[in-house]
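Written below as structure tokens is the structure these notes are about.
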Amino acid sequence: MTDKVVVITGGSRGIGRATALAAAARGYRVVVGYASNQAAAKEVVAAIEARNGKAIAVKCDVGSEQDILALFKAADGFGTLGALVNNAGIVGKSGVRVDEMSAERIQQMMAVNVTGSILCAREAVKRMSTRHGGQGGVIVNLSSVAAKLGAPNTYVDYAASKGAIDSFTIGLGYEVANEGIRVAGIRPGLIDTDIHAAGGEPDRAHRLAHMVPMKRVGTADEIANAIVWLISDEASYVTSAILDVSGGR
Ligand code: NAP
């Protein structure tokens, strides 16, 4: 498995970046997807290559089916696909109630977080399923504890998109369970990344840390460690399962 290709959407920063480094350290060939920050993606590839790992950066906005097809074409040229990490995700501006949300915001949220993840999974299943002549593999979907909490007065649209990811993880897992593919989800809690700044609240994770039973934010590495365990053979009997990595939140 570890000589196979892992495609990580949104691998240029945050949890995706940490996962790219952790997967490369275990010997996987890493395809680092990114939306627009080419410099960050190139830095991840350089960091992997500096440690004698193998990686390529591929521009892929998961809101675009064309970009997704190009991402998997590039992955095909890099080796045999063994895993997909559906990590790319966005939040809208924090603190916007549903009765204030624009249709464009909600559509963008669903296009990136939900449709993008399902389309990437489609391409992965076509390549990994024994039904299609593949050798099996693993899909890990990034959800959020927001799927359980609903994120009222913060970003209900984001929470709903992650609820969809939870259902998708369970359903797809059952669909391909007998075709060599495991599907698992991770629900991170408050993790110290740029995503909070993207929602207009850079210190959000630290501000809310007191609400976490462990009384601290999590790191991108702590999520990455769970992801690389799920894609490894050590998790060989785990499918249609969702793991909270949230300090108890
Ligand atoms: P982040 O630090 O904001 O990084 C986002 C990554 O996704 C970047 O690599 C970015 O690429 C990429 N990206 C953004 N929009 C994209 C698009 N349309 N298509 C493809 N890639 C796109 O985010 P993060 O905190 O690491 O979050 C990663 C995942 O974990 C997300 O699914 C998020 O919902 C989930 N999560 C995070 C937390 C948390 O507290 N951080 C909690 C729960 C769940 P560029 O570098 O090119 O912009």
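The analysis underlying the following values was restricted to heavy atoms, covering all of them including side chains, and did not include hydrogens, waters or symmetry mates. Atoms within each ligand, like the ligands themselves, are counted from 1 in listed order.
No path of Ile, Leu, Val, Met, Phe, Trp and Tyr side chains, each step under 4.5 Å between heavy atoms, connects Tyr158 with Leu190, placing them in separate hydrophobic clusters. Tyr34 is not connected to Leu119 by any chain of hydrophobic side-chain contacts under 4.5 Å among Ile, Leu, Val, Met, Phe, Trp and Tyr, and they are in different clusters.
Judged by distance alone, the side chains of Ser12 and Asn37 never bring a donor and an acceptor atom under 3.5 Å apart. When only modelled atom types and interatomic distance are considered, Asp166 and Ser143 share a side-chain donor-acceptor pair under 3.5 Å. Side-chain atoms of Ser94 and Glu201 include a donor-acceptor pair closer than 3.5 Å.
For the pair Lys162 and ligand 1, a heavy-atom separation below 4.0 Å is found. In this structure, Ala41 has no heavy atom closer than 4.0 Å to ligand 1. Remark: distances from the non-hydrogen atoms of Thr9 to ligand 1 are all 4.0 Å or more. Taking a 4.0 Å cut-off on heavy atoms, Gly33 fails to register as neighbouring ligand 1.
In terms of protein heavy-atom proximity, atom 18 (N) of ligand 1 is nearest to Asp61 OD1, 3.0 Å. Counting only heavy atoms of the protein, atom 30 (O) of ligand 1 lies nearest to Ile15 CD1, 3.5 Å. Ile195 CB, 3.7 Å is the protein heavy atom nearest to atom 23 (O) of ligand 1. In terms of protein heavy-atom proximity, atom 21 (N) of ligand 1 is nearest to Ala88 CB, 3.3 Å. The nearest protein atom to atom 10 (C) of ligand 1, hydrogens excluded, is given as Arg13 NH2, 3.8 Å; this is a heavy-atom distance. Shortest contact from atom 20 (C) of ligand 1 to any protein heavy atom: Cys60 O, 3.1 Å.
Atom numbering of ligand 1 starts at 1 in the shown order; those under 4.0 Å from a heavy atom of Gly14 are 2 (O), 26 (O). Within ligand 1, counting atoms from 1 as listed, the ones closer than 4.0 Å to a heavy atom of Gly89 are 31 (C), 32 (O). Residue contact check: Tyr158 has heavy atoms under 4.0 Å from atoms 33 (C), 34 (O), 35 (C), 36 (N), 43 (C), 44 (C) of ligand 1. Atom numbering of ligand 1 starts at 1 in the shown order; those under 4.0 Å from a heavy atom of Asn37 are 45 (P), 46 (O), 47 (O).
Of the polar atoms of Tyr34, none of the N or O atoms is found under 3.5 Å from an N or O of ligand 1, judged by distance alone. Considering backbone and side-chain N/O atoms, Val112 never comes within less than 3.5 Å of an N/O atom of ligand 1. Considering both main-chain and side-chain atoms, Val62 comes within under 3.5 Å of ligand 1 through a nitrogen or oxygen pair. Taking only nitrogen or oxygen atoms, main chain and side chain alike, Ile191 reaches within less than 3.5 Å of ligand 1. Between Gly10 and ligand 1, an N or O atom pair is found at a separation short of 3.5 Å. In terms of polar-atom proximity, Ser144 is not counted as a contact of ligand 1, lacking any N or O under 3.5 Å from an N or O of the ligand.
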Would Asp3 and Arg29 count as a salt bridge (Lys or Arg N to Asp or Glu O under 4.0 Å) if you check the C-alpha gap in whole Å, the side-chain angles of each, and the deciding distance to 0.1 Å? CA-CA 6 Å; Asp3 60 341; Arg29 304 166 69 84; over 6 Å; no
Does the pair Arg122 and Glu65 meet the rule for a salt bridge (Lys or Arg N to Asp or Glu O under 4.0 Å), with working shown? CA-CA 11 Å; Arg122 179 190 74 187; Glu65 184 179 16; 2.9 Å; yes
Passes side chain to side chain donor-acceptor pair (under 3.5 Å), Asn141 versus Thr169? Steps please. CA-CA 7 Å; Asn141 297 319; Thr169 297; 2.9 Å; yes
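Contacts with ligand 1 closer than 4.0 Å are made by backbone heavy atoms (N, CA, C, O) of Ser143 only, the side chain lying farther away. Under 4.0 Å from ligand 1, not a single heavy atom of Gln38 appears.
Proximity annotation for atom 45 (P) of ligand 1: of Ala57, Ser12, Ala147, Ser64, Ser12 comes nearest, heavy atoms only. Summarising the contacts of atom 31 (C) of ligand 1 with Leu71, Leu142, Asn87, the nearest heavy atom is found in Asn87. Across Thr193, Leu190, Ile90, heavy-atom proximity to atom 41 (N) of ligand 1 is greatest for Thr193. Comparing heavy-atom distances from atom 22 (C) of ligand 1 across Gly116, Gly189, Ala35, Ala224 singles out Ala35 as nearest.
Tyr155 places none of its side-chain heavy atoms less than 4.5 Å from the side chain of Arg97. Here the side chains of Lys54 and Phe78 are in contact, with some heavy-atom distance below 4.5 Å.
A salt bridge links Asp244 with Lys148; the closest basic N to acidic carboxylate O contact falls under 4.0 Å. Between Asp76 and Arg127, at least one side-chain nitrogen of the basic residue sits less than 4.0 Å from a carboxylate oxygen of the acidic one, meeting the salt-bridge criterion.
Closest approach of Ile186 to Ala226, counting heavy atoms only: CD1-CB, 3.5 Å. Between Glu222 and Val245, the shortest heavy-atom distance links the atoms O-CG1, 3.9 Å. Taking each heavy atom of Ala20 and Gly11 in turn, the nearest pair found is CB-O, 4.4 Å.
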